[in-house]
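Numbers here are sequence positions counted from 1. If you're wondering where the values come from, they're calculated on a predicted model, not measured in any experiment. First listed ligand is number 1; within each ligand, the first listed atom is number 1.
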Amino acid sequence: MPVYKAEGIVLRRQVIGEADRTITLLTREYGRLRAVARGTRRITSRLAGRVEPFTHGGFLLARGRSLDVIAQVEVLRTFPGIHTDLLRGAYAGYVAEVVDRLLPERDRHEEAFTIVLRTLDVLEDASEDAAEMAALWCGLRLASELGYRPEVDACVGCGRALPRGASGPAAAWGFAADAGGAVCPACLAGHAEAMRTVPGVFATCGYLLRAAPEHAVRLRTPPGQRRDLARLVQAHLEHQLDAKLRSPAVIGRLRAAGASTSTSRGAGPDAGPTR
Ligand SMILES: [Zn+2]
């Protein structure tokens, strides 16, 4: 059976049959792909611990008839800081969901791989607010890389530049997901569905689209603007995907419950028919 190597990150795993899992990998060389990890539901499996979500490793894959098979994994990083913190884990889940749905299968996209790896790197020891910024940075950068960059520097209707330090009616801007960007107060009447927000949120968005993740996570933003930013990124991604994201609701519930660090080691997302 012909084999090949790939550097990859485990995005998710799904149960198949009695003992196996399918693993969705984001690889540097081949983009997103699904492969079978045989026997990984057995407690004696040596492979099982190497295909946990977010594991970064060198994978040896064997070509199969329908799905390829993971033969060996050389683990490079396991991100224990993500696995032992519910909220970091949930934001990593958001990253995995976005890239899994945004990137077509077997479409090589090295920059997307780099964006995800850099995000996991900053998530590893991120505070609650930093974890959120890292996930939003990743969502915006992936969208931008794949050709869905939102317009946040000017109004999509009339081209008016984003004002600096606007207040009162001049600050009543909106984000129209269907138009792909910011809408000024004068153009808002034509966009009834637009999410209302202030120019500062678009400025933050623009910063995230340009900044390195290490800088993005240190950004200080008022809580109200932070919430708007998260809603804006979600609305933008969901419009591009033409589907709802599941992870923001999970994150919302965790944050409402005050989830914090030092949880028991979670098994991570392991979707499957029945467990
Ligand atoms: Zn306008």
Quiz prompt | Leu102 with Leu140, same ILVMFWY side-chain cluster at under 4.5 Å | solution = yes
Quiz item: Looking at side-chain heavy atoms only, is the closest gap between Arg255 and Glu132 below 4.5 Å?
Solution: yes
Quiz item: What pairs of residues pass the ring-ring contact (aromatic ring centres under 6.0 Å, His included) test when at least one of them lies in residues 125-150, not counting sequence neighbours?
Solution: none
Self-check item: side chain to side chain donor-acceptor pair (under 3.5 Å) partners for Glu97, two or more places apart
Solution: Arg101, Ser247
Exercise. With the Zn ion (ligand 1) as the centre, enumerate protein N/O/S atoms below 2.8 Å in chain and residue order.
Key: Cys155 SG, Cys158 SG, Cys184 SG, Cys187 SG
Quiz prompt | Contacts of Val3 that satisfy side-chain contact (heavy atoms from CB on, under 4.5 Å) - sequence neighbours left out | solution = Leu60, Ala62
Self-check item: Heavy atoms from other residues, nucleotides or ligands near CZ of Arg77 exceed 12 (cutoff 6.0 Å)
Solution: yes
